[in-house]
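Here the structure comes first, spelled out in structure tokens, and everything after it is commentary.
Sequential numbering from 1 along the given sequence is applied to the chain's residues.
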Amino acid sequence: MDTKETSYSQMVTVTRLNYMSDCNFTAGTIVGVLEDNTPVKVADDFYEFHHGHYWRKIKLGRKHYYVVADWLKKI
């Protein structure tokens, strides 16, 4: 059993940014929108290339979602 806990970094959005239920661009995967300059917790263990973009996993509340990494910057 893997008991490794995920660590997170603080980042901020650099524009309005859709967050998704998975790393895809279909309409059904869009969960919501983060406004420009919104601080987010980004999982350190997820940075993957899908559909022509690098993606990061973010934590909002108790759930995880996915965003295109190009629109995040370190605080």
Side-chain angles (χ1 to χ4, degrees):
M1 183 167 133
D2 186 9
T3 59
K4 180 184 170 203
E5 194 167 315
T6 302
S7 62
Y8 297 90
S9 297
Q10 253 333 92
M11 297 183 92
V12 66
T13 59
V14 296
T15 188
R16 286 185 56 144
L17 180 60
N18 291 333
Y19 57 96
M20 322 288 231
S21 59
D22 64 35
C23 300
N24 205 333
F25 286 117
T26 58
T29 63
I30 298 172
V31 176
V33 178
L34 297 168
E35 294 299 324
D36 182 23
N37 207 36
T38 300
V40 291
K41 289 172 69 173
V42 179
D44 294 329
D45 63 353
F46 188 90
Y47 185 73
E48 295 186 8
F49 190 79
H50 297 278
H51 302 286
H53 296 278
Y54 282 98
W55 293 76
R56 298 300 304 255
K57 180 168 57 173
I58 63 170
K59 186 173 184 180
L60 298 175
R62 293 183 166 184
K63 295 187 177 186
H64 288 98
Y65 302 100
Y66 300 89
V67 296
V68 174
D70 294 346
W71 311 115
L72 295 173
K73 70 176 181 178
K74 291 184 179 182
I75 296 178

Inter- and intrachain pairs under salt bridge (Lys or Arg N to Asp or Glu O under 4.0 Å), touching residues 22-33, at least two apart: none

By ring-ring contact (aromatic ring centres under 6.0 Å, His included), Phe25 pairs with (sequence neighbours left out) His53, Trp55

N/O donor to acceptor pairs below 3.5 angstrom from side-chain atoms of residues 28-39, sequence neighbours left out:
from	atom 1	to	atom 2	distance (Å)
Thr29	OG1	Asn24	O	3.2
Thr29	OG1	Thr26	O	2.7
Asp36	OD1	Thr15	N	3.3
Thr38	OG1	Glu35	N	3.4
Thr38	OG1	Glu35	O	2.6

Side-chain heavy atoms nearer than 4.5 Å, only ILVMFWY residues, links allowed to pass through others: does that put Phe46 and Val40 together? yes

Sequence neighbours excluded, every pair satisfying salt bridge (Lys or Arg N to Asp or Glu O under 4.0 Å) that has a member inside residues 41-59: none

Roughly how far, to the nearest 0.5 Å, is CG of Leu17 from CD1 of Ile58? 7.0 Å

Which pairs would a plain distance check flag for residues 64-75, meaning a side-chain donor or acceptor within less than 3.5 Å of a matching protein atom at least two apart in sequence or in another chain?
from	atom 1	to	atom 2	distance (Å)
His64	NE2	Tyr8	OH	2.6

Tell me the closest heavy-atom pair linking His51 and Cys23, and the distance in Å. CD2-O, 3.0 Å

Co-members of Tyr47 in a cluster of I, L, V, M, F, W and Y side chains, linked at under 4.5 Å: Phe49, Tyr54

